[in-house]
Amino acid sequence: MPHPSAIRLGLNVDHVATLRNARGGARPDPVRIALAAIAAGADGITAHLREDRRHIRDTDMARLKAEIPKPLNFEMAATPDMIRIALETKPHAVCLVPERREELTTEGGLDVVGQRDSLAPSIARFGDAGIRVSLFIAADAQQIEMAAQLRAPAIEIHTGGWCDAVVDGHTEKADAEWRRIVEGVALAKSAGLEVHAGHGLDYATAETIAALPEIVELNIGYFMMGEALLVGIAETVRTMRAAMDRGRATLKTRMA
Ligand code: PXP
């Protein structure tokens with residue numbers, strides 16, 4: 001049994017596929033990296049099957065589902081085609097994100113308020129199939145309340161704005177974004193949602209956010225892949241795990 005205050009580390013392997021696709025061959029293999037990360041302590045693997053298939057491909061998703069011994073989080077836009085593929089793949093979880101072809105990465109959160117009518121049946125369909133849905137949203141009260149109203153089991157709070165502000169040294173913006181996150185995760189938890197967070201996290205920001213007791217999962221990709229180029233994926237996972245555990249330990253000290 002994991003400790004009740006444990007926080008899960010989900011590794012996003014999209015950028016292994018980005019590197020592989022640069023040469024059009026089979027290496028590096030995202031599944032092999034996923035297995036090495038799990039052996040080093042990652043609790044799950046996230047992969048985003050984009051409409052344009054720019055990194056992860058359909059066969060990667062099928063192989064991840066078949067070959068990894070930990071939960072697969074299938075990140076996707078809620079389009080009819082992607083919903084069909086996800087239902088066929090039967091991952092542990094899906095994370096619904098907005099998607100624009102021209103973006104470099106998922107830029108904003110999902111507009112759950114604006115898309116409530118189309119999201120409600122998708123959330124219900126995944127629920128019926130036993131697949132946990134999380135909605136990737138900004139730490140915005142209206143979006144969080146709507147996610148709870150639509151009976152999504154989980155949300156993932158978009159940490160990109162906060163992380164960028166921290167890294168760029170924009171202290172005022174970073175403080176404001178942090179306050180939004182702290183208030184948002186408290187609201188989400190009180191509304192009965194399981195709370196995850198991700199985007200732009202590095203060792204320092206992961207340690208900081210792991211101190212929020214409401215958060216049970218962090219999904220991290222780009223920074224960890226960059227580190228893995230220098231020290232390998234196993235060492236990167238262990239260092240990230242240690243940073244998250246340090247953050248969590250401050251929570252236990254505060255509660256003692
Ligand atoms: N969570 C979601 C929903 C994402 O779209 C991404 C980016 O693919 C991540 C987490 C991971 O973000 P990063 O690669 O910046 O760590």
Side-chain angles (χ1 to χ4, degrees), residues 7-19 21 30 33-34 37 42-56 60-61 64 71-78 82 86 91-101 103-112 119 132-139 143 147 152 154-168 177 181 184-185 188 193-210 215-229 233 236-237 239-241 243-244:
I7 179 164
R8 300 187 295 266
L9 168 60
L11 177 73
N12 181 314
V13 296
D14 292 351
H15 295 293
V16 184
T18 303
L19 196 57
N21 297 355
I33 300 275
D43 300 295
I45 297 296
T46 296
H48 183 177
L49 188 65
R50 293 184 72 101
E51 200 191 345
D52 60 11
R53 307 299 198 271
R54 74 166 73 142
H55 37 58
I56 293 293
D60 294 323
M61 271 305 182
L64 284 166
L72 171 63
N73 180 29
F74 188 134
E75 194 181 319
M76 53 177 271
M82 215 44 82
H92 170 78
V94 295
C95 179
L96 302 183
V97 299
E99 203 172 282
R100 286 190 302 120
R101 261 179 198 267
E103 70 191 356
L104 290 176
T105 180
T106 316
E107 280 168 4
L110 201 59
D111 179 10
V112 186
L119 284 170
R132 186 198 68 200
V133 179
S134 93
L135 306 178
F136 184 56
I137 57 175
Q143 300 292 345
I155 57 166
E156 182 170 320
I157 293 287
H158 195 320
T159 51
W162 170 59
C163 291
D164 287 349
V166 170
V167 170
D168 296 342
E177 291 284 336
I181 291 172
V185 301
L193 292 156
E194 182 173 307
V195 191
H196 309 165
H199 215 286
L201 293 167
D202 60 13
Y203 295 136
T205 44
E207 179 172 342
T208 303
I209 204 165
I215 296 181
V216 298
E217 180 176 307
L218 297 181
N219 287 305
I220 313 178
Y222 193 73
F223 170 79
M224 289 183 68
M225 289 309 164
E227 284 296 292
L229 290 175
I233 192 65
T236 303
V237 168
T239 308
M240 183 57 82
R241 184 73 265 167
M244 288 165 57

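Counting starts at 1 for both ligands and their atoms, following the listed order.
One N or O on the side chain of Glu99 and one on the backbone of Glu51 form a donor-acceptor pair closer than 3.5 Å. Counting only distance, with no hydrogens or angles, the side chain of Thr18 and the backbone of His55 share no donor-acceptor pair below 3.5 Å.
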query = Would His199 and Phe136 count as a side-chain contact (heavy atoms from CB on, under 4.5 Å) if you check the C-alpha gap in whole Å, the side-chain angles of each, and the deciding distance to 0.1 Å?
reply = CA-CA 10 Å; His199 215 286; Phe136 184 56; 3.9 Å; yes
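Under 4.0 angstrom from ligand 1, there are no non-hydrogen atoms of His15.
Distances shorter than 4.0 angstrom occur between a heavy atom of Phe136 and an atom of ligand 1.
Note: no N/O pair closer than 3.5 Å links Cys95 and ligand 1 by distance alone. For Gly200, a nitrogen or oxygen atom sits less than 3.5 Å from a nitrogen or oxygen atom of ligand 1, counting backbone and side chain alike. In terms of polar-atom proximity, Glu75 is counted as a contact of ligand 1, with an N or O under 3.5 Å from an N or O of the ligand. Considering both main-chain and side-chain atoms, Tyr222 comes within under 3.5 Å of ligand 1 through a nitrogen or oxygen pair.
For ligand 1 and Val97, the ligand atoms under 4.0 Å from any heavy atom of the residue are 3 (C). Interface atoms of ligand 1 facing Asn12, defined by a heavy-atom separation under 4.0 Å, are 8 (O).
Residue nearest to atom 12 (O) of ligand 1, selected from His199, His48, His55: His199 (by heavy-atom distance).
Judged purely by distance below 3.5 Å, without hydrogens or angles, the side chains of Asn73 and Thr46 pair a donor atom with an acceptor atom. A donor-acceptor contact under 3.5 angstrom links the side chains of Glu194 and His196, judged on distance only. In summary, the side chains of His48 and Glu75 do present a donor paired with an acceptor at a separation below 3.5 Å, with no hydrogens or angles considered.
Note that CZ of Phe74 and CE of Met61 are 4.0 Å apart. Values are rounded to the nearest 0.5 Å.
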